[in-house]
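Just so it is clear: chains get the letters A, B, ... in the order the sequence lines come, proteins before strands, and each one is counted from 1.
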2 protein chains.
Amino acid sequence: MAVNLKQLAEILGLSQTTVSRALNGYPEVNAETRQRVLQAVRETGYRPNRAAQRLATGKAYSIGLVMPIAPGIDSDIHFGEFLAGLAEESVKHDFHFVLNPSAPDDEEATFRRLAASGNVDALFLAYMRPNDPRIPMLKALSIPFVVHGRSIGGPRDYPFLDIDNTQAFYDATKLLLQLGHHRIALINGPDYLAFSIRRKKGVTRALEEWGLGVDEELVHHSVMADEYGYRSMQHFLERPNPPTAVLCSSTVLALGAVRAINRAGLAIGSDISVIAHDDVLPMLKPENFSVPLTTTRSSLRAAGARIATRLIGGIIGRGDYPEQELWRAELIVRASTGPAPGR
Amino acid sequence: MAVNLKQLAEILGLSQTTVSRALNGYPEVNAETRQRVLQAVRETGYRPNRAAQRLATGKAYSIGLVMPIAPGIDSDIHFGEFLAGLAEESVKHDFHFVLNPSAPDDEEATFRRLAASGNVDALFLAYMRPNDPRIPMLKALSIPFVVHGRSIGGPRDYPFLDIDNTQAFYDATKLLLQLGHHRIALINGPDYLAFSIRRKKGVTRALEEWGLGVDEELVHHSVMADEYGYRSMQHFLERPNPPTAVLCSSTVLALGAVRAINRAGLAIGSDISVIAHDDVLPMLKPENFSVPLTTTRSSLRAAGARIATRLIGGIIGRGDYPEQELWRAELIVRASTGPAPGR
DNA sequence: GTGGATATCCAAAGCGCTTTGAGAGGAAAT
DNA sequence: ATTTCCTCTCAAAGCGCTTTGGATATCCAC
C-alpha cells in the first residue's frame, strides 16, 4: 500500500528525479508529465517519507517547543490556549510541532538536544525570566527562534513578540486612581517571570506618578490558578485597611478573587473594584463573570498564530516579518470598576 | 560544532559501526572501547541525527496526536491537561510528540498523512464518537494506536483506556435519588461524543431503576465552557418546575452553573444539589468552590500518563500492558449535595 | 599446531528522498 | 548541414544513521 518514490517512478516509467521535480514544482518538467505524476500520486496515495526528505533537505517542516512539565507542576491553561493559536496557523502550511516535555531545570539540555536532533527547523520560547540564559544559548546554537515575551536585561537583539505589560497595568492602575482608589492590590503571576515583573512595574509607575507608593503588603505573586486568587484576596481583605481595588494578572486569578470578595459580602464595582488581564481564554470570559470584569485584553491565541506565522515564514523563506513586536493590550471597561467607596 | 557519527568515528580511530554499536548497547563491543566512545560523546556533544536514525531504523521515537483545531473552535482545557500527563510520562523515555493540528472534517486525511509520513511510531486518539471511522481506518493502516475513551458500536477489539462514564453518572444520580431528588438536570458535553452519550445513559439507567424517566427538557448538551454551564442552568431555573439537582459533565460547566444558581439566590446543597465530573484540573478544584462540590473524580492527567506508558512500551517492545482498561471514577461527596428541599 | 569458538572490529549496503551535472532530442539560428 | 540553445529527462551522489556479513585476532582444547 505504502508506495515510495522509486516505486512511483517505476509505475510511471519515469526517473525518480523527474517525479521528485514534478512534485516539488520545479519548472523544468513538462506540464503534461506533471499532471500524470500528480494523477499517479492520487491513485497510489503516495506520501513522501518525511524522515528521508528531512535528511536530504535539512528541513523538518516542524517547529519545536519545550513544554515545561514535571510531576509536581500544574499544567497551564494559558499554554494550551497559546498552542491553539500556533496550531491554527501551522495547519495552513502543513507544519507540525515537536513538543518536547522537559523539567524546568533540564530545559537547557532539552533545547540543545532538540536543536541537534534535526527534528525541528526553529524553536519557540516562552515563560521568559530576567537574564534568561536560553537566549544567548539559542543564539550560539544558531537555530532560528522566536520568543513569546521578553527577557529583562541581557542581550536585546533577538526576535520576540510581547505585549506591553507595563503599559497595560499602568493603564489599568491609572483608571483606578482616577476613580479615586488609593489602596490598590495586585495579584500577580510568579515573581520570577518577566511579565509579572513588568506588570508590577506598570502599577508602580502609575502610583508614583500619582504621588503614591506601592504597598508591598498588597502585592502577591503566585501560579495562575483560581485557588491562589482566592487566597490572596482573602488575605488582603483580612487586613486592617483592606484595598478598595485589585488587579489580577489573569482571569483565572480573578475567578478566585471574585469568590473571596463575594464570600466577604462585598459588592464588586462599588465596595471593591476589580481589573484583570484577559488572555481571551474561551472557557473563561470576563463578560460572563457575575459582575462583568474590566480587563486589559490581548489574545494569547492570536499571539500564538502570529508567532507561528513568523516562524514558518522564516523557514520557508517567504515573508518578511518584523523581528520584534510589542502589542498593546486594550483596556476594556466593564462593570467591575467603579468609584472608590466613600467618594 | 555539530559532530556526526562519521566524524566521531574518525576522531576515535574507530569505524562507524563500532561507535554505533557502542552507543546502542550492543554486546560485541569492548567495555573499554565503549567507555572511550561515551567519553568522546560527552566531549564533542555528539547527538545522533534523528531523521537519519529514523530512516535507518524506521523508528521515530515519537508519538503522534491530532489536535482538533479550527479558527472557530475553542481550545479545550481538558486537552491541555491530558497532554500534560502524556508529557510527564514521555519525558522519562526521551520521547516527544508530533502535534498535528487539524480541522475536524479533515481529521481522517491528517491521520493518513501522519501515519504515512514516518514521523511517528504510534498514534493517539481521543474525542471518540459513535461508530468512529478512525478506528477501522487506523487498523487498516496497521500503525499502533491507543484510544482515550471508547467508541460506541463498530469494532470492539482495539486498544483503549476509558473511564466508566456510565457507572460514574449512574452512581452520582443514585446518590441524588437517595437524597430524595426527583427532578434531576444534566448539563452534558457535546451530544456527538461517546462519553456524553454514556454519561446520559448512566443517568437514565439510575432514574429508570428508581421508576423514573429522563426529562429531556432537563438535559443540555454543549461545549465544556463555563458560559454554557451558566446558560443551561439559567434555562433550567426559569422553568415552571425547576430541578432540585443538577449533574455537570465538567467542573468548568459547574462553574457556570454555580454562578447561575447564586444569581438566582438559591443555596447550593440545600435548595439545589450539584454534582460535577472532576477531571482534576489543577486550576479548578472542586474543593475550592464557594460550596465544595460533590464530584465523580478521575484524573485526566493520570490517563494521559498511562496512555503514554502503553504507547511507548509498545514501541520499544518493553512491557506488556492490557489492551483495554476501564477505570472507575471515584464518587466524592462534599457539601454541594444535600437532601431534596421539602423533605 | 590445528580446528573451532570467542571476542572485536570493519566495509559496505541500504533507508527514501533531493539535487547536481549531464545527456538526448528538437527547434531555431547561422 | 552545422551550431546554438532550449526543454525535458536521467544516473548517481549524498544526507547520517543502522545492520548484515564478513574479517582479523585471540584463546582454548585436542
Side-chain angles (χ1 to χ4, degrees), chain A residues 1-38 40-41 44-62 94 113 115-121 315-317, chain B residues 1-37 40-41 44-62 113 115-121 315-317:
Chain A
M1 188 64 216
V3 200
N4 63 22
L5 226 210
K6 194 173 168 185
Q7 295 167 333
L8 189 66
E10 231 162 60
I11 291 172
L12 284 160
L14 293 173
S15 77
Q16 291 190 44
T17 314
T18 307
V19 178
S20 172
R21 292 213 150 133
L23 258 33
N24 295 319
Y26 280 66
E28 55 270 73
V29 72
N30 193 324
E32 192 193 337
T33 309
R34 191 185 305 262
Q35 284 313 312
R36 271 184 59 219
V37 172
L38 291 177
V41 166
T44 58
Y46 166 78
R47 296 281 170 200
N49 179 309
R50 286 282 200 185
Q53 220 166 19
R54 176 172 319 177
L55 193 55
T57 60
K59 293 201 175 177
Y61 298 99
S62 75
D94 200 18
R113 214 178 311 137
S117 75
N119 263 334
V120 298
D121 300 312
I315 294 165
I316 61 180
Chain B
M1 188 64 214
V3 201
N4 62 21
L5 226 211
K6 193 172 169 186
Q7 295 167 332
L8 189 66
E10 229 161 60
I11 293 172
L12 284 160
L14 293 172
S15 75
Q16 290 190 45
T17 314
T18 308
V19 178
S20 172
R21 293 210 150 135
L23 258 35
N24 296 318
Y26 280 67
E28 57 269 74
V29 71
N30 194 324
E32 192 195 335
T33 309
R34 190 185 304 262
Q35 285 313 312
R36 271 185 59 220
V37 171
V41 166
T44 57
Y46 166 77
R47 298 280 172 200
N49 179 309
R50 287 281 200 185
Q53 221 166 17
R54 176 172 320 176
L55 194 55
T57 60
K59 294 202 176 178
Y61 299 100
S62 75
R113 212 178 313 137
S117 74
N119 263 334
V120 299
D121 300 313
I315 295 165
I316 62 180

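With rounding to the nearest 0.5 Å, the separation of CG in A:Leu55 from CG in B:Leu55 is 6.0 Å. Distance check, rounded to the nearest 0.5 Å: CZ of B:Arg21 to CD of B:Gln16 gives 13.0 Å. Between the OG1 atom in B:Thr57 and the CZ atom in B:Arg50 there is a gap of 9.0 Å [rounded to 0.5 Å]. Once rounded to the nearest 0.5 Å, the distance linking CG of B:Leu23 with OG1 of B:Thr18 reads 11.5 Å. For the atom pair CD of B:Glu10 and CG of B:Leu12, the computed distance is 10.5 Å after rounding to the nearest 0.5 Å.
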Between A:Asn119 and B:Asn49, is the side chain to side chain contact (heavy atoms under 4.5 Å, CB included) condition met? List the steps.
CA-CA 8 Å; A:Asn119 263 334; B:Asn49 179 309; over 6 Å; no

Under 3.5 Å, which protein N or O atoms sit close to an N or O of nucleotides 16-20 of chain C? Give each pair with its distance.
residue, atom, partner, partner atom, Å
C:dG16, N2, A:Ala52, O, 3.4
C:dC17, OP1, A:Tyr46, OH, 2.9
C:dC17, OP1, A:Asn49, N, 3.1
C:dC17, OP2, A:Leu5, N, 2.4
C:dT18, OP1, A:Asn24, ND2, 3.2
C:dT18, OP1, A:Gln53, NE2, 3.1
C:dT18, OP2, A:Ser20, OG, 2.8
C:dT19, OP2, A:Tyr26, OH, 2.6
C:dT19, O4, A:Thr17, OG1, 3.2

Under 3.5 Å, which protein N or O atoms sit close to an N or O of nucleotides 24-28 of chain D? Give each pair with its distance.
none

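Atom CG in A:Leu14 sits roughly 21 Å away from atom P in C:dG23 (whole-Å rounding). In this entry the distance linking CZ of A:Arg36 with P of D:dC8 reads 14 Å, nearest Å. The nearest whole Å value for the distance from the CD atom in A:Glu10 to the C1' atom in D:dC10 is 15 Å. Atom pair A:Arg50:CZ and C:dC15:C1' shows a separation of 17 Å (rounding to whole Å applied).
Applying the side chain to side chain contact (heavy atoms under 4.5 Å, CB included) rule to A:Ser20 yields the partners A:Leu5, A:Asn24; only residues at least two apart in sequence or on another chain are considered.
Remark: side-chain polar atoms of A:Arg34 are paired, donor with acceptor, to backbone N or O of A:Tyr26 under 3.5 angstrom.
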